Amino acid sequence: MEFVGSHILSVDQFDRGSIQRIFDVADDMAPYAHRERITRVLEGAILSNMFFEPSTRTRISFGCAFNMLGGEVRETTEVKASALAKGESLTDTARVLSGYSDVIVMRHPEAGSVGEFASTSRVPVLNAGDGPNEHPTQALLDLYTIRKEMESRGRGMDYLRIALIGDLKYGRAVHSLCKLLALYERVHYKLIAPPELGLQEETIEDLREAGHQVSLHHQMESGIDHVDIVYVTRTQEERFPNQAEADKYRGLFRLNQAIYTQHCEPNTVIMHPLPRDSRAMAQELDDDLIENPNLAIFRQTDNGVLVRMALFALVLDVADQVHNHAKPVTWYTARRFARRD
Ligand code: NCD
C-alpha cells in the first residue's frame with residue numbers, strides 16, 4: 001500500500017508487504033522509544049489527538065510517539081468539551097481540524113465514525129478505535145508482539161495457533177487482530193466465548209474460506225491447550241444494552257497461574273490488549289501471572305509506541321530521515337524496557 005498521506009482506518013488496507021514495512025520502521029524506532037537517542041524529524045508538525053471514549057494507553061502512546069519524533073500534540077478527550085456537543089457533524093469537525101493539524105488520531109464510540117470523519121479531512125486520519133468495529137493500530141502492535149515472541153522461541157508467523165478468550169462480539173481489538181492474522185498461512189483460531197458473545201459469523205466464514213481453521217469453545221480449559229498464544233479480553237461492558245446484561249458475563253473466564261500450569265503448553269504467550277478488569281468480580285487475567293515470563297502484556301504496551309511512531313513516520317513521509325535528526329539524550333533515563341534479545 002501507499003502510506004504517504006493515507007488514512008489508516010482498517011486492517012483490510014494491509015498486505016504482508018506493507019506490514020513488513022511498518023515493522024521494519026518500528027524496529028528502527030527502538031533507540032528513540034527506549035530513550036537512548038532523540039530525533040526532531042517532525043519538529044513543527046502538529047497532531048490532533050481526538051479521543052471521544054475512555055483511553056489510557058492508546059491516547060498516551062499515540063501522543064508520546066508523536067512527541068518522540070519531535071512533533072507537538074493537541075488533545076481533546078471528551079465530546080462535551082468539543083463542538084460535537086453543540087451538534088456539529090463529524091464531517092464539519094474534520095474540515096475544521098484538518099486546517100489546524102498535519103495528522104489526526106481519532107477514537108469514537110460509533111462503528112464507521114472515524115471513516116466518516118476521514119472522508120472530509122484534508123490530512124491523514126488514524127483510527128484509534130471506532131466503537132465495536134476496528135482498532136487497527138492495536139492489531140498491528142499485537143502482531144508485532146506476536147512476531148517478536150515467536151521469533152524468540154525460534155518460530156515464524158505461519159501455522160500459528162491462537163486462543164481468543166472473552167467478549168469476541170464487541171471486542172474491536174479481536175476483530176482487527178483476527179483479520180490481520182489471516183494474512184499468514186493456516187492459522188488455527190480457537191474462539192472461547194459464551195454463545196451470545198461469539199465472533200461474527202461472517203468473519204468466521206471469511207477465515208475458513210481463506211484456509212484457516214476455526215474452532216469454537218464455551219469452556220476456557222478445553223481451548224487453551226496446544227496453542228502458541230492465549231489472547232484474553234475484557235467484557236466490553238460499555239457496549240452492552242444495559243448493565244444487568246453485562247453483569248451476566250463478568251468473571252466467566254479467568255486465567256490464573258494454576259490454570260495456566262495445568263492446561264497450557266509451557267511456553268504459551270499470554271496477551272491482553274488491556275485494560276484488564278482487576279475488580280474482584282472480573283479478573284479475566286489474574287495478577288498472580290505477573291512473574292510468568294510468558295506474560296507479554298507490558299511488552300505489548302511498549303511495542304505500541306514503536307508501531308505508532310512507525311505509522312506517523314510512514315504517513316508523513318519521514319521514515320528515511322529519522323536518523324538524520326538524531327542526537328543522544330541529555331538526561332537520566334531509567335531502563336524501563338523489557339528486553340528479551
Ligand atoms: C482496547 C479498546 O479500547 O478496544 N483497549 C486498548 O485500546 N488497548 C480493549 C478494551 O478496552 O478492552
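Every value quoted in this text rests on a predicted model; they were computed, and no experiment measured them.
Between the side chain of His34 and the main chain of Glu36, no donor-acceptor pair closer than 3.5 Å is present. Remark: the backbone N or O of Cys264 is not paired with any side-chain donor or acceptor of His226 at under 3.5 angstrom. In terms of modelled atom types and a separation under 3.5 Å, the side chain of Arg208 and the main chain of Val214 share a donor-acceptor contact. Not one N or O on the side chain of Glu149 forms a donor-acceptor pair closer than 3.5 Å with the backbone of Arg147.
Applying the ring-ring contact (aromatic ring centres under 6.0 Å, His included) test to pairs two or more places apart or on separate chains, those with a residue in residues 249-290 are Phe240-Tyr249. Under the salt bridge (charged side-chain N to carboxylate O under 4.0 Å, His left out) criterion, the residue pairs touching residues 260-276 are Arg161-Glu265, Arg276-Asp287, with sequence neighbours excluded. Here side chain to side chain donor-acceptor pair (under 3.5 Å) pairs that include residues 305-318, with residues two or more places apart or in two chains, are Ser61-Arg308, Thr137-Arg308.
By the neighbour-count criterion of 12 heavy atoms within 6.0 Å, atom CZ of Arg254 is densely surrounded, having more than that number from other residues, nucleotides or ligands. Arg74 CZ: 12 or fewer foreign heavy atoms inside a 6.0 Å radius. Residue Glu202 places its CD atom among 12 or fewer non-hydrogen atoms of other residues, nucleotides or ligands, all under 6.0 Å distant.
Remark: the Asp206 side chain and the Thr203 side chain contain no N/O donor-acceptor pair separated by less than 3.5 Å. Inspection of the Arg59 and Thr77 side chains reveals no N or O donor paired with an N or O acceptor under 3.5 Å. In this structure, a donor-acceptor pair under 3.5 Å is absent between the side chains of Thr145 and Gln300.
Annotation: side chain of Val269 is not in contact with side chain of Ile146 (no heavy-atom distance under 4.5 Å). Residues Ser48 and Met106 are not in side-chain contact: their nearest non-hydrogen atoms beyond the backbone lie 4.5 Å or more apart. Two residues are said to be in side-chain contact when any heavy atoms from C-beta on lie closer than 4.5 Å; Leu295 and Leu285 meet this criterion. Within the 4.5 Å cutoff, the side chain of Leu164 has no heavy atoms near those of the Leu199 side chain. Within the 4.5 Å cutoff, no side-chain heavy atoms of Val41 are placed close to those of Asn324. Under the 4.5 Å side-chain criterion, counting only non-hydrogen atoms from C-beta, Arg172 is in contact with Arg239.
Applying the ring-ring contact (aromatic ring centres under 6.0 Å, His included) criterion to His323, with sequence neighbours excluded, gives Tyr32. Residues passing the ring-ring contact (aromatic ring centres under 6.0 Å, His included) test with Tyr144 are Phe23, sequence neighbours excluded. Applying the ring-ring contact (aromatic ring centres under 6.0 Å, His included) criterion to Phe62, with sequence neighbours excluded, gives Phe312.
At a threshold of 4.0 Å, the pair Arg21-Asp24 does not count as salt-bridged, since none of the basic side-chain nitrogens sits closer than that to a carboxylate oxygen. Checked for salt-bridge contact, Arg95 and Asp92 meet the test: a charged N lies under 4.0 Å from a carboxylate O.
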Exercise. Show your working on salt bridge (charged side-chain N to carboxylate O under 4.0 Å, His left out) between Asp158 and Arg16 and close with a plain yes or no.
Key: CA-CA 12 Å; Asp158 294 320; Arg16 279 178 78 149; 3.2 Å; yes

Quiz item: Does the side-chain contact (heavy atoms from CB on, under 4.5 Å) test come out yes or no for Tyr184 and Leu143, once each step is laid out?
Solution: CA-CA 11 Å; Tyr184 297 83; Leu143 190 68; 3.7 Å; yes

Self-check item: Residue pair Asp277, Glu284: steps toward the side-chain contact (heavy atoms from CB on, under 4.5 Å) verdict
Solution: CA-CA 7 Å; Asp277 188 340; Glu284 69 270 7; 3.5 Å; yes

